[in-house]
Each structure stands twice: as structure tokens, then as C-alpha cells.
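These values consider heavy atoms only, across backbone and side chains, with no hydrogens, waters or symmetry-generated copies.
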Amino acid sequence: MAKVIVITSGKGGVGKTTTSANIATGLALLGKKTAVLDFDIGLRNLDLILGCERRVVYDFVNVIQKEASLKQALIRDRHCDNLYILPASQTRDKEALSKEGVGQVIDELKNTFDFVVCDSPAGIERGALMALYYADEAFVVTNPEVSSVRDSDPILGILAAKSKRAEAGEEHPVKEHLLITRYSPKRASQGEMLALEDIQELLGIPLIGVIPESETVLQASNSGIPVIHDQKSISGQAYMDVVARFLGEDRPMRFIQPEKKGLLSRLFGT
């Protein structure tokens with residue numbers, strides 16, 4: 001049965017759209033037919049990270065307002081046959097997203113795809129509420145910073161109270177996963193950022209993965225090819241670990257301990 005996933009955060013700039021692109025790509029690489037939707041009406045960055053910005057003809061709002069069919073608006077990823085992108089509109093207002101219209105699009109996608117990944121705007125504005133309303137599961141993305149972690153709390157409250165599952169009083173609400181991005185074990189050990197245990201204690205939801213701080217993530221985003229395609233990169237490996245865990249595979253957490261210095265590094269302080 002098709003599953004709807006929302007990638008959300010309370011604070012902007014935590015790597016949420018990058019995560020949406022990588023999670024969707026990872027699912028597709030593992031044989032799952034996946035659609036990823038950009039809910040950030042007015043900005044539209046997902047198509048840039050996935051390298052299809054020049055191929056956008058119709059967008060999410062066009063489909064909701066019956067100006068184009070879903071088939072016309074979906075863009076097939078050039079690097080992965082199982083992945084399709086529904087871009088946001090750059091020229092419309094967020095009010096163009098209606099609960100009924102979003103629901104119709106998601107229902108239509110669920111007839112064709114195994115997973116529908118919703119890239120939510122940060123915070124609790126209309127686009128974010130629309131993105132999480134139909135979710136079955138949620139990735140709550142945070143950086144190891146106090147402000148980022150604190151701003152995740154309202155998102156957890158909304159998932160618990162304002163999703164379709166919550167409104168229907170379903171026994172199993174939206175399943176939440178904590179994903180920590182831009183983590184540096186060395187800096188965490190020196191007290192320069194929050195440790196994993198602190199973040200988990202503050203938010204109280206299961207940790208599904210840790211994406212290490214790495215320049216390759218930015219380089220990949222700028223090139224329009226998500227870093228998960230680069231399995232030589234530790235960030236690419238970490239994202240694939242997350243996807244594998246999400247699909248039920250038992251994988252140990254990696255890249256969460258400071259690198260041990262060799263003898264020469266200890267002797268010369270490098």
C-alpha cells in the first residue's frame with residue numbers, strides 16, 4: 001500500500017529539501033516507485049537540487065487548479081527511473097494550496113506510486129500544514145543546535161493534533177523519525193554542538209539517522225545530483241543507511257564517533 005512521508009522541520013536552513021531529495025532518491029534506487037512533491041510555494045528549490053529546473057513546464061498549483069494534469073506536471077528524474085518530481089510554483093501564493101486539492105493530488109499519486117514524499121516548508125505556515133496533513137510517517141529534521149531542536153517541538157505537536165490521522169482519532173498516528181543533519185562528532189565531543197543523546201532526550205522520538213557535516217552535500221546539491229548517488233561520500237552512505245532503516249533493515253549508526261587520531265597526529269598535534 002502506498003505511503004505518504006513528510007520531511008519537516010521547525011527551523012529553516014537545516015537541510016530539509018536536501019533530505020527530501022535524498023530520501024526520495026534512495027527509495028527509488030532501491031526499486032520503490034517514488035514521487036517527491038515541493039510544498040514550498042513561491043520559492044521552489046527541490047527542482048534545483050534534483051537538477052530538473054529547466055524541465056519545469058507545469059507545477060503543483062497548476063495541477064490543483066486543473067490547469068494541467070498530474071501526468072503533464074510530473075518530471076521523471078534523469079538519474080533514476082523510479083523517481084518523479086512535482087515542482088512548486090514560483091509565482092503563486094501559498095493560499096493556492098487547498099486541503100481538498102492537495103488530497104486529490106496525493107490520492108492520485110498513491111494509485112501509481114509506492115511512496116509519496118512531501119518536502120515541507122519550515123515552520124507552521126500554510127504550506128507546512130498542507131504538507132503534513134496527509135502524512136503516514138514524518139522525518140523531523142534538525143541540526144544539533146538548541147534553536148533548531150527547540151523549534152522542532154511545535155512540529156511534533158501539530159503532527160500529533162492536526163494531521164488527518166489525528167483528526168480521525170486513529171489508533172496509530174503519524175509515525176515520527178528523528179533525522180539529525182550537519183553533525184560533527186568532534187565538535188559535539190568538545191561541547192560546541194548538542195550531542196545525539198541530548199537531542200533525543202529533548203525531542204523524545206526515535207532516531208533514524210545522522211548525516212555528518214560534509215562539503216560533499218553542498219557540492220552535490222549545487223550540481224543537481226543528490227549526494228546519495230555518491231556512495232564514496234560518508235554523507236551519501238549515511239542517507240542510504242537512513243533509507244534502508246526506514247524500509248526495515250537493521251543497520252548500525254555510523255559516523256557518530258570522533259575519528260581516532262593516529263600516532264603521528266597525536267605526537268605532532270595535527
Side-chain angles (χ1 to χ4, degrees), residues 2-8 15-94 96-98 101-122 127-128 130-132 134-135 139 141 217-230 236 239-240 243 246:
K3 192 170 282 188
V4 180
I5 308 164
V6 64
I7 313 294
T8 183
K16 181 175 37 51
T17 297
T18 297
T19 293
S20 297
N22 280 284
I23 296 297
T25 300
L27 289 167
L29 288 170
L30 293 177
K32 309 297 183 182
K33 194 171 183 185
T34 305
V36 57
L37 286 61
D38 190 345
F39 277 80
D40 207 350
I41 307 301
L43 292 179
R44 201 176 87 187
N45 289 317
L46 182 65
D47 55 308
L48 288 169
I49 291 175
L50 285 163
C52 63
E53 69 277 7
R54 294 181 182 177
R55 297 163 60 205
V56 175
V57 179
Y58 297 108
D59 57 51
F60 197 172
V61 174
N62 291 140
V63 178
I64 287 176
Q65 298 187 347
K66 311 295 184 186
E67 297 163 350
S69 68
L70 188 56
K71 186 176 181 180
Q72 287 175 309
L74 283 170
I75 301 169
R76 191 172 190 171
D77 186 69
R78 283 181 172 161
H79 305 285
C80 188
D81 289 344
N82 286 319
L83 180 61
Y84 291 77
I85 302 100
L86 183 58
S89 171
Q90 280 186 304
T91 58
R92 306 293 181 96
D93 188 86
K94 289 178 174 61
L97 292 180
S98 66
V102 170
Q104 288 174 352
V105 172
I106 287 179
D107 283 344
E108 190 175 345
L109 288 167
K110 286 170 74 174
N111 289 330
T112 308
F113 291 87
D114 299 312
F115 289 97
V116 179
V117 178
C118 302
D119 177 27
S120 169
M130 290 294 103
L132 64 81
Y134 292 98
F139 283 76
V141 183
V217 176
L218 179 60
Q219 292 165 358
S221 296
N222 287 339
S223 70
I225 304 174
V227 74
I228 200 167
H229 283 287
D230 179 9
Y239 269 121
M240 188 55 82
V243 175
F246 177 74

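Annotation for Ser120 and Thr8: closest pair OG-OG1, 4.0 Å, computed over non-hydrogen atoms.
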Please step through side chain to side chain contact (heavy atoms under 4.5 Å, CB included) for the pair Leu74 and Leu109, ending with a clear verdict.
CA-CA 10 Å; Leu74 283 170; Leu109 288 167; 4.1 Å; yes

For a side chain to side chain contact (heavy atoms under 4.5 Å, CB included) check, start with the C-alpha distance between Leu29 and His229, then their side-chain angles and the critical distance, and finish with the verdict.
CA-CA 9 Å; Leu29 288 170; His229 283 287; 4.1 Å; yes

Side chain to side chain contact (heavy atoms under 4.5 Å, CB included), that's the test. Do Val4 and Ile106 meet it? Break it down for me.
CA-CA 8 Å; Val4 180; Ile106 287 179; 3.7 Å; yes

Determine, step by step, whether Leu37 and Val116 satisfy the side chain to side chain contact (heavy atoms under 4.5 Å, CB included) criterion, reporting the C-alpha distance in whole Å, the side-chain angles of both residues, the deciding distance to 0.1 Å, and the verdict.
CA-CA 8 Å; Leu37 286 61; Val116 179; 3.6 Å; yes

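In this structure Ser223 satisfies the side-chain contact (heavy atoms from CB on, under 4.5 Å) test together with Ile225, sequence neighbours excluded. The salt bridge (Lys or Arg N to Asp or Glu O under 4.0 Å) search around Lys110 returns none, not counting sequence neighbours. Phe139 meets the ring pair (Phe, Tyr, Trp, His ring centres under 6.0 Å) test with His177, Phe246; sequence neighbours excluded. Residues passing the salt bridge (Lys or Arg N to Asp or Glu O under 4.0 Å) test with Glu67, sequence neighbours excluded: Arg92. Not counting sequence neighbours, Tyr134 has no partner by the ring pair (Phe, Tyr, Trp, His ring centres under 6.0 Å) test.
Thr17 and Asp119 share a donor-acceptor pair across their side chains, judged by distance under 3.5 Å alone. A side-chain donor-acceptor contact under 3.5 Å links Thr19 and Tyr239.
With contacts defined as side-chain heavy-atom distances shorter than 4.5 Å, the pair Leu97/Ile41 qualifies. Looking at heavy atoms from C-beta onward, Leu86 lies out of side-chain contact with Val36 at the 4.5 angstrom threshold. By the 4.5 Å heavy-atom criterion applied to side chains, Thr112 and Tyr84 are not counted as neighbours. When side chains are defined from C-beta on, Val217 counts as touching Thr18, because their heavy atoms get closer than 4.5 Å. Side chains of Met240 and Leu30 form a contact here, defined as non-hydrogen atoms less than 4.5 Å apart. Counting heavy atoms from C-beta on, the side chains of Pro87 and Leu46 never come closer than 4.5 Å. The shortest distance between side-chain heavy atoms of Pro226 and Leu50 falls below 4.5 Å. In this structure the side chain of Val227 never reaches within 4.5 angstrom of the side chain of Gln219, judged on heavy atoms.
Among pairs with a residue in residues 33-46, those fulfilling salt bridge (charged side-chain N to carboxylate O under 4.0 Å, His left out) read Arg44-Asp47, at least two apart in sequence or across chains.
We find the CZ-CG distance between Phe39 and Leu132 to be 9.0 Å, quoted to the nearest 0.5 Å. With values rounded to the nearest 0.5 angstrom, Arg54 atom CZ is found 10.5 Å from Leu48 atom CG. How far NZ of Lys16 is from CD1 of Ile23: 13.5 Å, rounded to the nearest 0.5 Å. One distance of note links CG of Asn45 with CD of Gln90; it measures 8.5 Å at 0.5 Å rounding. Note: Ser98 OG to Gln65 CD = 8.5 Å, rounded to the nearest 0.5 Å. Rounded to the nearest 0.5 Å, atoms CD1 (Ile7) and SG (Cys118) are 8.5 Å apart.
Checked by atom type and distance alone, the side chain of Gln104 never pairs as donor or acceptor with a backbone atom of Gly101 at under 3.5 Å.
The environment of Arg55 atom CZ is dense: over 12 non-hydrogen atoms of other residues, nucleotides or ligands sit within 6.0 angstrom.
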